[in-house]
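Inspection log for the structure reproduced underneath, given as structure tokens.
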Amino acid sequence: MNKLDPDYTLLAATKYAPNGNGSHKKAPMDIEKIFGEKTFGLDEMKSRLPEDIFERMKATIEHSEPIDADVADVVAKAMKEWAIEHGASHFTHWFQPLTGSTAEKHDSFITPNKGGGAIAKFSGKDLIQGEPDASSFPGGGLRATFEARGYTAWDPSSPAFIVDNPNGSYLAIPTAFASWTGEALDHKIPLLRSMEALNKQALRVLQLFGDKETKKVYTTVGNEQEYFLIDEQFYYRRPDLVTTGRTLFGARPAKGQELDDHYFGTIPERVLSYMLDVEKELYRLGVPVKTRHNEVAPSQYEIAPIYENSNVAADHQQLLMLTLQGIARKYGLVCLLHEKPFAGVNGSGKHNNWSMATDTGHNLLEPGDTPHDNAQFLFFCAAVVLAVHRHQDLLRVSVATAGNDHRLGANEAPPAIMSVFLGEQLEHIFEQLTEGPATESKHGGFLDLGVPHLPDLPRHAGDRNRTSPFAFTGNKFEFRAVGSDQTVSVANMVLNVIVAEALDIMGTKLEAQLAGKDASDEEVLEAAVAEVLREVVVDAKPIIFGGDNYTDEWHAEAEARGLLNLRTTLDALDTLTDEKNVHLLEKYDVLNERELESRHEIMVEQYFLTINIEAETTEAIARTMVLPAAVRYLGELAAAVEYSSGVRKTATAVGAMIDTLETAIEALITQNKHREDTLEDNAQHMRNNVIPAMEAVRHAADDLERAVPHDLWPLPTYREILFVK
Ligand code: ADP
Ligand code: MG
């Protein structure tokens with residue numbers, strides 16, 4: 001289609017059909033009925049499994065009891081029947097390789113029988129173990145050719161689900177992915193191991209507090225996911241979006257997000273239709289999504305589920321991203337999950353809300369009305385603060401990607417410096433703790449709105465701080481630096497293990513305080529806890545910050561406090577295999593040194609490859625699309641110079657811009673071809689030299705975009721992409 005075609009931009013708005021198929025009938029949604037209907041969860045198991053088998057499955061799911069082969073056989077049979085009833089012909093072990101996305105290889109249930117026909121078969125062995133080979137995934141040295149086997153292992157604690165396609169369906173079974181030597185090749189195994197580590201230390205602490213009921217502590221996670229939604233006709237005309245997920249070109253439009261007229265605005269009809277469809281599908285998959293709204297940037301939105309245990313939440317997060325992207329196509333839309341698809345407007349992140357809960361139903365980060373005398377809460381809360389202070393580097397690594405580097409520190413997302421925001425009430429209590437036991441809590445009181453018929457609103461005792469990377473928000477911590485297209489498994493693995501260590505340290509201190517004393521005496525326990533808290537809070541205090549994290553003053557102060565400022569992915573990755581981190585992850589059986597080193601290598605390589613691909617794409621678009629358009633325009637101008645001095649001036653200016661672009665392209669080609677001896681050095685070269693060269697090309701091209709006639713410009717502009725809905 002020619003850009004002069006009047007349908008070029010109108011199509012976006014007019015092609016859309018509600019329900020994605022043109023039917024205008026309102027589809028009723030019975031949430032209770034459809035929720036989880038595409039999952040093989042406990043309800044489904046209960047109705048299909050013999051009672052004893054069901055009880056054993058339940059023990060596996062709820063208490064991590066190992067599973068026997070005879071149980072697996074019965075479960076497999078029931079699961080197969082259920083899947084076939086839901087239209088499935090195939091099954092897949094669904095896993096999370098170190099690329100950060102999900103992977104699957106499908107096998108059909110079909111097995112030929114002797115009579116020339118076939119039967120559907122699926123055994124306990126098929127369910128429990130797979131060997132997908134999958135040897136092309138990055139292994140970071142863990143899979144040398146002589147030990148290249150890779151196995152998937154069923155994770156019964158995350159429900160199997162059905163994936164539908166218009167022409168059929170398949171059964172997806174969440175699995176872990178390990179090498180022949182038993183080392184983790186995925187993000188699920190370390191996450192599960194870290195949950196175990198935290199469980200152990202948290203139980204130990206609870207027992208010191210006299211808790212005899214709790215049998216298990218698990219971490220809970222709820223992720224707020226930001227994303228962009230753009231019309232597919234623009235998407236397919238932007239090779240940069242198609243290849244790299246972000247725009248590598250694009251002049252700033254006259255209007256961006258300055259007016260704040262998109263944020264929390266009424267959701268456009270087509271977008272809302274899409275959201276309703278996404279949510280319905282997620283309900284069916286048992287993903288409890290709850291909240292939706294417009295975000296800050298034009299065409300940016302957010303979706304958030306209700307929290308679940310970390311392992312299931314991480315699987316559901318992946319499903320959520322896949323569903324967001326999949327359903328968009330039905331509406332002529334494309335969902336962009338990149339951290340920074342557009343320069344000059346906000347990028348996308350993923351707030352990771354995190355807490356710890358007991359199997360008896362208590363949230364260990366629930367402060368209650370008088371947090372100052374809630375010793376157990378303060379103990380767990382202080383453990384998180386201590387953990388963040390001790391391992392700022394690991395938290396930073398857990399969100400380190402080339403894409404996320406565009407956000408962190410760009411005054412729209414928290415800076416790369418880790419700090420903890422506690423809110424006024426808790427900060428006040430922590431202040432008291434440095435001197436001894438806390439004796440009072442500030443209270444929020446009520447808000448009087450000055451209008452008689454409006455209710456008095458209870459006021460929270462602490463305000464929110466949107467600029468902090470790690471904030472206490474009422475009864476959970478919110479880690480806000482996670483990138484929008486990242487798996488949340490890594491960040492949560494880090495959170496779990498660092499808090500496990502902090503609880504271990506504090507538990508040991510508490511045991512020492514209580515040695516030879518009667519811990520069942522409440523006063524004795526309180527005095528001992530106060531002493532531990534005093535030591536910990538004095539030690540970890542530099543990490544607590546309640547001000548504006550976006551300011552230069554904070555950067556200077558953070559440096560004075562000795563906090564780390566790991567600005568780019570590569571700075572962060574440099575710390576990953578430090579002795580402290582190797583020791584921590586080995587001590588709590590989360591990652592051994594080889595596993596850690598493999599992750600380091602893969603992350604450096606992914607960084608290198610990402611920038612390298614962006615640079616090649618920049619070069620190709622600049623040479624084959626931008627430059628020819630500019631030259632065509634110069635030709636038109638040249639034909640008219642003799643009639644107008646203005647045209648001559650414009651031609652000279654455009655000619656100069658073309659020269660600038662040519663020079664920048666040549667420099668980029670040279671830089672992008674250049675190679676050093678090691679992967680690390682090549683990655684550094686990308687950051688230090690290729691990124692600036694790419695920016696120079698973009699800058700020259702964006703100048704031309706402002707000069708070249710719209711009908712000659714080959715790329716959809718920001719104005720079109722971001723504002724046609
Ligand atoms: P806020 O407005 O403070 O961001 P919301 O209630 O909107 O809080 O919650 C944001 C996210 O935090 C949701 O996904 C929610 O389920 C999650 N969340 C709430 N409580 C917890 C918890 N105890 N553990 C983990 N996540 C939680
Ligand atoms: Mg929030």
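Atoms within each ligand, like the ligands themselves, are counted from 1 in listed order.
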Can you list the ligand 1 atoms lying under 4.0 Å from a non-hydrogen atom of P305? 13 (C), 14 (O), 15 (C), 16 (O)
Let me confirm one number: the CG-OG1 distance from L282 to T323, rounded to the nearest 0.5 Å. 4.5 Å
Out of K290, E478, H351, K476, the nearest non-hydrogen contact to atom 6 (O) of ligand 1 is supplied by K476
If you measure from atom 25 (C) of ligand 1 to every heavy atom of T220, T219, V289, I306, which option wins on shortest distance? T220
Could you work out, with ring pair (Phe, Tyr, Trp, His ring centres under 6.0 Å) as the rule, every residue matching Y218, not counting sequence neighbours? none
Give me each pair satisfying side-chain hydrogen bond (donor to acceptor under 3.5 Å, both in side chains) with a member in residues 34-45, each pair once, sequence neighbours excluded. E37-R284, K38-D164, K38-E281, E44-R48
Heavy-atom pairs closer than 4.0 Å: do any link ligand 1 to the side chain of N363, the backbone, both, or neither? side chain
Short side-chain donor-acceptor distance under 3.5 Å, S355 and N363: yes
Say whether Q432 and H428, considering side chains only, have a donor N or O and an acceptor N or O under 3.5 Å apart. yes
Say whether T473, considering both its backbone and side-chain N or O atoms, lies within less than 3.5 Å of an N or O atom on ligand 1. no
